Amino acid sequence: MRDRRPAVEPAVLAARFAAALHEEGVPVGPDRAARFASGLRLVPPDTRDRLYWTARATLTADVAQLPAFDAVFSRIFGDDAPPVDLADSRGDPTAPPLPHVPSETRPRPPDDRPAERAPSGAGTTGSSSGTAAPGEPRAVPALASDTERLQHTAFADLSDVEVDDIRALVRRIVLATPRRRTRRTRASTKNGERIDVRKTVRNARKTGGDPVALIHRRRRRRPRPLVLLCDVSGSMEPYTRVFLALLHGSVAGARAEAFVFATRLTRLTRPLARRDPDLALRRAAESAPDWAGGTRLADSLQRFLDDHGRRGLARGAVIVILSDGWAQDEPSEVAAQMARLRRLAHRIVWVNPRKAAPGFAPKVGGMAAALPFCDAFVSGHSLAALSEVADAVSNQRGSHRCSSTARST
């Protein structure tokens with residue numbers, strides 16, 4: 001009987017294979033990587049053929065992506081599959097193969113894969129000699145599905161290897177802020193706020209002076225600024241290693257401003273702007289000497305508002321604070337600084353990983369004082385919970401509503 005115990009975790013395989021595809025130009029995001037890991041649970045990849053079709057069905061979206069996908073798959077999992085015409089899987093034996101797609105590198109679909117055409121001499125999962133009986137398809141290590149556990153496991157409970165894989169996925173999460181109208185305008189043929197008389201008259205010269213088409217001016221729209229403030233004190237250390245990957249991806253993808261604080265505030269936008277994630281995180285750690293220290297929440301918020309917020313960073317921005325609220329400051333001081341921030345920001349999202357704990361209630365002094373000024377209060381303690389963070393950031397509403405719901409949490 002074949003041993004079907006996991007040799008590699010699905011999330012690990014999905015993250016690394018998706019990263020390899022991404023390097024070759026295939027647009028594979030964390031959503032597709034998660035679907036691939038889920039597919040490995042539904043279709044255990046005990047053969048190379050099953051692994052190929054599961055990966056292709058979940059990681060590709062266009063025929064033009066297949067050459068790069070096949071090249072990466074062959075480089076990682078070997079290139080000894082029998083020649084197969086893709087028309088066989090479509091039910092039309094006379095149809096030609098897809099253009100510019102090397103079909104000889106692809107295995108036959110699982111629904112139409114005769115055992116007698118499988119390559120001989122391939123190893124099975126449970127074989128100690130690494131060979132298989134003639135006629136048995138080549139096997140790859142079987143994977144038991146651990147995706148759901150990894151998706152919903154708190155970052156504090158992950159191993160070092162799992163943290164590295166999760167950070168690769170978290171780094172690709174894009175926090176998209178709502179769009180707002182600016183004072184700048186652009187020409188539009190649709191109805192706008194006012195008519196662009198100069199451009200309308202200029203275009204009328206093409207029609208004998210008759211303004212057939214009215215040119216309007218519409219205000220441009222652009223994403224609101226995004227600012228992230230991450231608590232790197234000792235109580236947040238189990239989650240900081242993943243949250244910094246979120247900051248790194250936001251600085252690179254959404255042009256966000258990133259700050260960390262413990263006993264003092266440190267701006268990390270420039271160190272995190274580096275493309276090398278390991279180098280960026282190392283420079284970030286070197287820039288914050290108070291790493292894993294105490295928490296001066298009110299002082300850090302005051303420094304941010306005095307040095308950066310009032311100068312424009314916080315005006316109309318979406319502010320994301322990642323902290324458990326365990327502060328050494330007086331609650332009244334925290335409330336005073338949060339009130340200042342509330343008057344400047346469009347929306348305040350508080351991410352507290354302790355919120356996911358059973359029986360949690362925001363009774364800590366700093367957290368209880370800050371909560372009435374927040375628009376959203378989410379946990380963000382796991383990979384699945386970060387979707388709530390993304391939804392809260394993209395929400396268009398700006399009026400704070402946490403004061404009535406958070407006390408009953």
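Remember, predicted model here, so these are calculated numbers, not experimental data.
Expressed to the nearest 0.5 Å, how far CZ of Phe243 lies from CZ of Arg167 amounts to 13.5 Å. Atom-to-atom distance recorded for Phe304:CZ and Gln337:CD is 11.5 Å, nearest 0.5 angstrom. From Thr60, atom OG1 reaches atom CZ of Arg32 across 7.0 Å, with rounding to the nearest 0.5 Å. Separation of atoms NE2 (His346) and CZ (Arg315) is listed at 16.0 Å; rounding is to 0.5 Å. Going from atom CZ of Arg342 over to atom CZ of Phe373 covers 9.5 Å, rounded to the nearest 0.5 Å. Rounded to the nearest 0.5 angstrom, Leu40 CG and Leu51 CG are separated by 6.5 Å.
Here the shortest heavy-atom pairing between Ala64 and Pro67 reads O-CD, 3.4 Å. When all heavy atoms are compared, the tightest approach of Val227 to Ala317 is CG2-CB, 4.4 Å. Of all heavy-atom pairs spanning Phe377 and Lys355, the tightest one is O-CE, 3.3 Å. Contact record, Pro178 with Asn395: CG-O, 3.6 Å, taken as the closest heavy-atom pair. Between Arg224 and Gly316, the shortest heavy-atom distance links the atoms NH1-O, 2.9 Å. Residues Pro353 and Ser323 approach most closely at CD-O, 4.4 Å, considering heavy atoms.
Here the side chain of Arg347 pairs no donor or acceptor atom with the backbone of Cys374 at under 3.5 angstrom. The backbone N or O of Ala61 lies less than 3.5 Å from a partner atom in the side chain of Gln65, making a donor-acceptor pair. When atom types are taken as modelled, the side chain of Thr295 and the backbone of Leu297 share no donor-acceptor pair closer than 3.5 angstrom. For Glu162 (side chain) and Ser159 (main-chain N/O), a donor-acceptor pair under 3.5 Å exists by modelled atom type. Panel note: side chain Asp329, backbone Ala298; a donor-acceptor pair is recorded below 3.5 Å. Checking side-chain atoms of Ser74 against main-chain N and O of Ala71 turns up no donor-acceptor pair under 3.5 Å. Side-chain N or O atoms of Trp350 include none that pairs as donor or acceptor with a backbone N or O of Leu371 at under 3.5 Å.
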- Query: Checking side chain to side chain contact (heavy atoms under 4.5 Å, CB included) for the pair His22/Val26: CA distance, chi angles, key distance, verdict?
  - Reply: CA-CA 5 Å; His22 189 75; Val26 181; over 6 Å; no
- Is there a side chain to side chain contact (heavy atoms under 4.5 Å, CB included) between Arg75 and Glu24 once you walk through the steps? CA-CA 12 Å; Arg75 186 178 71 245; Glu24 294 296 329; 4.0 Å; yes
- Query: Between Leu175 and Leu228, is a side chain to side chain contact (heavy atoms under 4.5 Å, CB included) present by the stated rule, with each step listed?
  - Reply: CA-CA 10 Å; Leu175 299 181; Leu228 297 100; 4.0 Å; yes
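The only member of Leu272, Leu322, Thr266 that meets side chain to side chain contact (heavy atoms under 4.5 Å, CB included) when paired with Val260 is Thr266. Considering Leu246, Leu229, Val378, Asp324 as possible partners of Val351, the one that fulfils the side chain to side chain contact (heavy atoms under 4.5 Å, CB included) test is Val378.
Arg241 has a carboxylate O that lies under 4.0 Å from a charged side-chain N of Asp160, or vice versa, which qualifies the two as a salt bridge. Of the charged side-chain nitrogens involved, none lies within less than 4.0 Å of a carboxylate oxygen, so that Arg264 and Asp299 do not count as a salt-bridged pair.
Below 30°, between 30° and 60°, or above 60°: for Phe17 and Phe36 the angle between ring planes is between 30° and 60°, a tilted geometry.
Between the side chains of Asp231 and Ser233, at least one donor N or O lies within less than 3.5 Å of an accepting N or O. At a cut-off of 3.5 Å, with distance as the only test, a side-chain donor of Thr269 or Glu257 sits close to an acceptor on the other residue.
Under the rule for a side-chain hydrogen bond (donor to acceptor under 3.5 Å, both in side chains), the partners of Asp306 that lie at least two apart in sequence or sit in another chain are Arg340. Residues that satisfy the side-chain hydrogen bond (donor to acceptor under 3.5 Å, both in side chains) test with Thr240, not counting sequence neighbours, are absent from this structure.
By the 6.0 Å contact criterion, CZ on Arg354 is enclosed, its count of non-hydrogen atoms from other residues, nucleotides or ligands being greater than 12.
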Donor-acceptor list for residues 379-386 side chains, cut-off 3.5 Å, not counting sequence neighbours:
from, atom 1, to, atom 2, distance (Å)
Ser379, OG, His381, ND1, 2.9
Ser382, OG, Ala385, N, 3.3

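With Trp53 as the aromatic partner, Arg48 does not meet the cation-pi criteria of under 6.0 angstrom to the ring centre and within 45 degrees of the ring axis.
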